[in-house]
There are 2 protein chains.
Amino acid sequence: MAADDENRGSLEQSEVDEDLVAQVREKMPEDEPLYDLAELFKVFGDSTRIKIIWALFESDMSVGDIANLLNMTQSAISHQLRVLKNARLVKYKKSGKTVYYSLNDDHIKKIFELGMEHIME
Amino acid sequence: MAADDENRGSLEQSEVDEDLVAQVREKMPEDEPLYDLAELFKVFGDSTRIKIIWALFESDMSVGDIANLLNMTQSAISHQLRVLKNARLVKYKKSGKTVYYSLNDDHIKKIFELGMEHIME
DNA sequence: TGCTCATTTGAACATTTGTTCATATGTAAT
DNA sequence: ATTACATATGAACAAATGTTCAAATGAGCA
């Protein structure tokens with residue numbers, strides 16, 4: 001709206017544009033949190049990891065259980081769990097030979113729900 | 001919890017595991033919405049697109065404005081806007097030679113806020 | 001018509017990413 | 001110690017991705 005209607009009279013486009021750009025630039029966060037945010041969503045941007053997280057909504061599970069559930073190799077699941085662990089999205093608890101993973105963040109479910117709302121629109 | 005404590009007595013591990021897997025499998029959504037959800041987050045998983053969206057929180061802007069703001073080529077921005085458009089996250093309005101883009105979804109801001117909360121934790 | 005400006009498009013390229021395979025680590029039982 | 005089992009790790013490979021460059025489209029203006 002603002003950008004659309006104020007480009008009249010004798011002003012050249014470029015002047016108005018630069019005003020708007022400067023104005024928006026002031027309000028922009030620093031680069032680093034935006035990089036971090038992109039990194040977080042990158043972690044969500046893979047269907048295997050989405051499935052793992054969704055499974056963990058229901059119950060904590062071992063690596064083998066998850067591999068079984070998703071019909072994938074233990075190795076593939078283990079690699080992906082490491083990604084989730086690095087993003088501090090899951091935590092784990094060792095019990096003998098097996099390792100049980102569980103979710104580590106309360107925001108995930110809400111983020112997923114909002115994402116689903118967009119999908120369904 | 002459930003998976004951790006019920007493995008006693010004469011039952012072999014595998015039986016218990018399969019019960020849990022079956023139980024979780026029942027509650028899992030179909031593959032397709034999970035793929036779509038991953039695709040949505042994939043769009044958010046790039047810092048250029050994150051920056052574009054954040055800029056559009058403030059004001060709708062032309063392609064050139066955004067390129068100027070982010071110190072990137074128009075071509076790069078245009079490519080990314082197409083990704084955002086395909087995901088139905090932005091819409092555009094032509095005005096003469098210039099094209100103004102704006103956000104098309106109310107969920108985005110909340111998703112970003114929740115994501116930021118995780119980052120800050 | 002011809003020229004300029006804003007944007008779009010497609011091919012090319014380097015980089016990143018997810019899975020597989022083979023191997024290593026670590027724990028429990030015999 | 002040796003075996004078996006659960007998980008983790010590293011290298012290798014194919015597939016996907018973001019930017020650049022050059023060229024195309026399309027709209028206003030001389």
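Summarising the geometry, the separation between CD1 on Ile66(B) and P on dT7(C) is reported as 9 Å, rounded to the nearest angstrom. Taking atom CD1 of residue Ile52(A) and atom P of nucleotide dT19(C), one finds them 8 Å apart after rounding to whole Å. Distance CD (Glu39(B)) to C1' (dG18(C)): 14 Å, rounded to an integer number of Å. As a whole-Å value, the separation of Leu81(A) CG from dA8(D) P is 7 Å. Rounded to whole Å, the distance from CZ on Arg82(B) to P on dT9(C) is 6 Å. Atom pair Asn71(A):CG and dT20(C):P shows a separation of 11 Å (rounding to whole Å applied).
Residue Lys94(A) is out of contact with every strand shown, counting any heavy-atom pair closer than 4.0 Å.
Ring pair Phe57(A)/Phe112(A): centre-to-centre distance below 6.0 Å.
Put simply, Gln74(A) has a side-chain N or O that comes within less than 4.0 Å of OP1 or OP2 on dT7(D). Between Gln80(A) and dT17(C), a side-chain N or O to OP1/OP2 separation shorter than 4.0 Å is absent. For the pair Tyr101(B) and dT8(C), the criterion of a side-chain N or O lying under 4.0 Å from OP1 or OP2 is met. Contact check, Arg49(A) against dG18(C): a side-chain N or O comes under 4.0 Å of OP1 or OP2.
Residue Asp106(B) qualifies as open at atom CG: its count of foreign heavy atoms under 6.0 Å is 12 or below.
Between Lys110(B) and Glu113(B) there is no salt bridge, since no side-chain nitrogen of the basic residue lies less than 4.0 Å from a carboxylate oxygen of the acidic one.
For Ser78(A), the side-chain atoms get nearest to dT9(D) when compared with the rest of dA6(C), dT9(D), dG18(C).
Residue Tyr35(B) holds its OH atom at 4.0 Å from NZ of Lys51(A), rounded to the nearest 0.5 Å.
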Grab the N/O contacts between the protein and nucleotides 20-24 of chain D below 3.5 Å, and write none if there aren't any.
| residue | atom | partner | partner atom | Å |
| --- | --- | --- | --- | --- |
| dT20(D) | OP2 | Thr73(B) | OG1 | 3.1 |
| dT20(D) | O4 | His79(B) | NE2 | 3.3 |
| dC21(D) | N4 | Ser75(B) | OG | 2.6 |

For nucleotides 28-30 of chain D, print each protein N/O atom paired with a nucleotide N/O atom at under 3.5 Å, atom names and distance only.
none

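DNA chain C is contacted by both Thr48(A) and Gly64(B); Gly64(B) maps to the nucleotide lying nearer its 5′ end (nearest heavy atom per residue).
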